[in-house]
Amino acid sequence: MRTYLPVFLLLLALPASADAPRMKVILDTDIGGDIDDAWALGFVLSYAGFEPVGVTISDGNTPARARVACKMLRLAGRDDIPVAVGRKTNDDYAHQFAWAEDFQALKPGSQSAADFIVERIKKEPGEITLIAVGPLQNVADALRREPALGKYVKRVVLMSGCIYGRSGKKGAIPEWNVRAAGPDAQRVYAAGLPLTIVPLDSTTRVQLSDGERERLRAYRSPLTYALESLYRLWLDNPRSRMTLHDQLAVAETAKPGAFFGKIETLPLVVDEEGYTRIDQARGKPVAVCLEPKRDAFMDYYIGQLVGQRLGM
Ligand SMILES: [Ca+2]
């Protein structure tokens, strides 16, 4: 048996075939507010198994958010990925906007985010996964334009909701992405989409350690510099730690089921207060990712970010 070991190790070391089909994804994000969106976009750009076909921008000051996304794409050498802006819902300012305030070198397209989502997904039925990690205006607007979107999209993965409680705290709360655009979330959950959610129950268990941040910072690629810069702008105080809400949704897309101990299919509705409730009579089935494998996920995630060579 020993003679086969080097061959086995060599096979393990080989990269995935360049011809292997890559998963086409659209990332819908409220980048620029909490820090995890930028780091989720970094994940989407770094994971070789993805073919990102678009980035759409949701919630609040969407033009300012779009500048952050465009600058990251430019730095990563991915100017080819189109950016589409969703409806602006306020003029609020976030510290990360300063990083891209005067950035003009790459502009979003003129098509709205909802129009882009519908058109791009219908162009390749059954091929595109939509990952939405912000409030759900764009996905809801896409459904208003095409109520049968579920027939065309391969899968929809959300960072969304709270079912049983958060890390260390029993009892559900209204999760931000649901509460911030309640009627839109109600529409998305009721639409019969092939829906998977990564709820607060899981995400609140995954925070970035100092060692993991340092591993990334030491890598010194244009993308990891950008992530560290945005992290510093986001820090309220030196003791703040990122919770990796949105990255867990990206990880579930990349490797379905791999980073969770339990996936429950539950009939869910969104109520008037923004709770995601189990409702046997009215709920549509949603796959709910629970019991995150924190260390396996973190190692995989950071490994993708430091393995990337984009823009170098
Ligand atoms: Ca987000």
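No hydrogens, no waters, no symmetry mates; every other heavy atom, side chains included, goes into these values. Counting starts at 1 for both ligands and their atoms, following the listed order.
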K.L.:
Report, as a single number, the protein N, O or S atoms less than 3.0 Å from the Ca ion (ligand 1).
P.N.:
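Protein heteroatoms (N, O, S) closer than 3.0 Å to the Ca ion (ligand 1) number 5.
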K.L.:
Sequence neighbours excluded, which residues qualify as ring pair (Phe, Tyr, Trp, His ring centres under 6.0 Å) partners of Tyr300?
P.N.:
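Phe259.
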K.L.:
Do the rings of Tyr301 and Phe297 sit parallel, tilted or perpendicular, given the 30° and 60° boundaries?
P.N.:
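Rings of Tyr301 and Phe297: parallel, as their planes differ by under 30°.
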K.L.:
Just to verify, what does Arg155 make a side chain to side chain contact (heavy atoms under 4.5 Å, CB included) with, not counting sequence neighbours?
P.N.:
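Partners of Arg155 by the side chain to side chain contact (heavy atoms under 4.5 Å, CB included) criterion, ordered by chain and then number, come out as Thr129, Val157, Thr196, Glu252, Pro256.
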K.L.:
Less than 3.5 Å apart, any donor N or O on the side chain of Asn138 or Ser58 sitting next to an acceptor on the other?
P.N.:
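No - no donor-acceptor pair under 3.5 Å links their side chains.
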K.L.:
Answer yes or no for Arg120 and Phe116: cation-pi contact, defined as NZ/CZ to six-membered ring centre under 6.0 Å and angle to ring axis within 45°.
P.N.:
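No - Arg120 does not lie over the ring of Phe116 by the 6.0 Å and 45° rule.
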K.L.:
With sequence neighbours left out, which residue pairs that include part of residues 32-43 fulfil the side chain to side chain donor-acceptor pair (under 3.5 Å) condition?
P.N.:
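Those involving residues 32-43 are Thr29-Asp37, Asp34-Trp234.
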